[in-house]
There are 2 protein chains.
Amino acid sequence: MPRMKEKTAIPPEADFEVQPTRARILEVGERLVQVRGFNGFSYADVAGELSMTKASLHYHFPTKADLGEAIIARYAGRFFEALAAIDGELTHAPAKLSAYAELYADVLRDERMCLCGMLAAEYDTIPSRMRDAVVGFLDDNESWLAAVLEHGRHDGSLSFAGTSSVTARSIVSGLEGAMLVARPYGAVERFETAAKQLLASLAGT
Amino acid sequence: MPRMKEKTAIPPEADFEVQPTRARILEVGERLVQVRGFNGFSYADVAGELSMTKASLHYHFPTKADLGEAIIARYAGRFFEALAAIDGELTHAPAKLSAYAELYADVLRDERMCLCGMLAAEYDTIPSRMRDAVVGFLDDNESWLAAVLEHGRHDGSLSFAGTSSVTARSIVSGLEGAMLVARPYGAVERFETAAKQLLASLAGT
DNA sequence: GTCTATAACGAGATAGAC
DNA sequence: GTCTATCTCGTTATAGAC
């Protein structure tokens, strides 16, 4: 007799409820923020895509600020899972940086802006808890990169002037800017070229 | 007896009409787009700041798209005037690049985002003529930078791998990204450090 | 050229039935 | 949990007086 929380062989999809409503809302909302911005989409847009009513959305997320916060939290969670996966799979610092840049490229291939880059542009108009989450996301990115940079400098695979922290910031801003500018052209190559050049400038001796 | 259009010693301010209404609208609108985004401000915001009614704004700019187009045109005009001034005052390529970065820094010190960087983020939601103007602005920036880079490489004051065009794009995206990320922190130093590092990587042999 | 007044619509949000 | 119905407010935009 299965105890509570015991895993079974039956995958969640067998529930005939592929994804709970809350998760589907977050998925659609995330994409809309990345493509149109937080000020560029409405509850009606989300409801329309999910064929449900605005009122139902408000049951799951009472205010748009609640929805926005949850979108960032989900995004950040997945992003840092991806960074943990990179840490688990790769040890060579330059390879980690390439994998990091590839995360951005994947977002751009989906015709989206980095969620937090988009929200950074809209910073002055978003709810304050969302602001804090954006800054936290950027800080955590820099910390992860700084650790990689420090490691790479130590083993000679990377070389750069200044602190690892400052260089980490240059990487974040360089990649965010490359996404920002590449998107109006619909040209992922623009991003890839800029990213390649940016990482090449950190090549070890 | 003064002929038409002949210049007088009386400055325009003596007209007791310091700036025509149209120009004041554009000035306020420009700042609002740079701070809050095109989707983040309304005719009511502009009207409020100028102590006039929304209806009067519509007399000067029938639609918000008209206003947006005019804002970009004015901004681009002033920006390229500034580039022409740089060309007139400086010949050393690295000095020109520093002056170029300083234009960005000045915008950021005013707590604004680059107009076209902001509109690049909102790209998918802005009127099509505004989109074209944004891309044109980016193209013209790259052209100017590419010319400076080409010149600097020729006289040995600059050194970089790849074409001047690709490197120009890296500069634009690097500076735009540095602005984007620095603004949530309200920290101009973040931008300055990133810009310095970016330009230093182009130092000549 | 600026105003009052208002139209027409979409936004975020709530009440209450099912 | 999802719906219908509605509220309130803000938005872009227009008509017409001054």
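Computation of the quantities below employed the complete heavy-atom set of this structure, encompassing side-chain atoms and omitting hydrogens, waters and symmetry-equivalent molecules. Within every chain, numbering begins at 1; the chains are lettered A, B, ... in the order of the sequence lines, protein sequences first and strands thereafter. All figures in this text were calculated on a predicted structure; none of them were measured in a lab.
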Checklist entry - Which residues within residues 59-69 of chain A lie with some heavy atom under 4.0 Å of an atom in DNA chain D? => result A:Tyr59, A:His60
Next on the checklist: Ring centres under 6.0 Å, that's the criterion: do B:Phe61 and B:Tyr43 meet it?
Outcome noted: no
Item to check | Exercise: identify the closest heavy-atom pair between A:Ile72 and A:Met130 | outcome: CD1-O, 3.7 Å
Checklist entry - Is there side-chain contact between A:Glu176 and A:Cys114, with at least one heavy-atom pair below 4.5 Å? => result yes
Next on the checklist: By nearest atom, which of the nucleotides C:dA13, D:dT11, D:dC3 is closest to the B:Lys54 side chain?
Outcome noted: D:dT11
Next on the checklist: Would A:Lys196 pass as a cation-pi partner of A:Phe191, given that its NZ or CZ must be under 6.0 Å from the six-membered ring centre and within 45 degrees of the axis?
Outcome noted: no
Item to check | Whole-Å distance separating the CG atom of A:Asn39 from the P atom of C:dG10 | outcome: 18 Å
Checklist entry - What nucleic acid atoms does B:Ser42 come within less than 4.0 Å of, heavy atoms only: base, sugar-phosphate, or nothing? => result sugar-phosphate
Checklist outcome for this item: In B:Val134, B:Asn141, B:Asp140, the residue satisfying side-chain contact (heavy atoms from CB on, under 4.5 Å) with B:Phe137 is B:Asn141
Checklist entry - Is the shortest side-chain N/O distance from B:Ser56 to OP1 or OP2 of C:dG1 below 4.0 Å? => result no
Checklist entry - In whole Å, what is the span from the OH atom of A:Tyr43 to the P atom of D:dC7? => result 21 Å
Next on the checklist: In this structure, how many angstroms lie between the P atom of D:dT8 and the NE2 atom of A:His58, rounded?
Outcome noted: 16 Å
Checklist entry - Can you tell me how far C1' of C:dG10 sits from CZ of A:Phe41, to the nearest Å? => result 15 Å
Item to check | Between the first and last five pairs of the helix from C:dG1-D:dC18 to C:dC18-D:dG1, the angle of the axes, rounded to 10 degrees | outcome: 0°
Next on the checklist: Nearest whole Å is fine: how far is D:dT2 P from A:Arg24 CZ?
Outcome noted: 8 Å
Checklist outcome for this item: On a heavy-atom basis, the closest approach of B:Ser56 and B:Met52 is CB-CE, 3.3 Å
Checklist entry - So how far is it from A:Ser164 OG to A:Glu142 CD, rounded to the nearest 0.5 Å? => result 10.5 Å
Checklist entry - According to a strict under-4.0 Å criterion, is A:Thr21 in side-chain N/O contact with OP1 or OP2 of D:dT2? => result yes
Next on the checklist: By nearest atom, which of the nucleotides D:dC3, C:dA13, D:dT11 is closest to the B:Ala44 side chain?
Outcome noted: D:dT11
Checklist entry - Roughly, in whole Å, what's the span from CZ in B:Arg36 to C1' in D:dT11? => result 14 Å
Checklist entry - Do A:Trp144 and A:Phe80 have ring centroids that are under 6.0 Å from one another? => result no
Checklist entry - On the ring face of B:Tyr123, is A:Arg183 found with NZ or CZ under 6.0 Å from the centre and within 45° of the axis? => result no
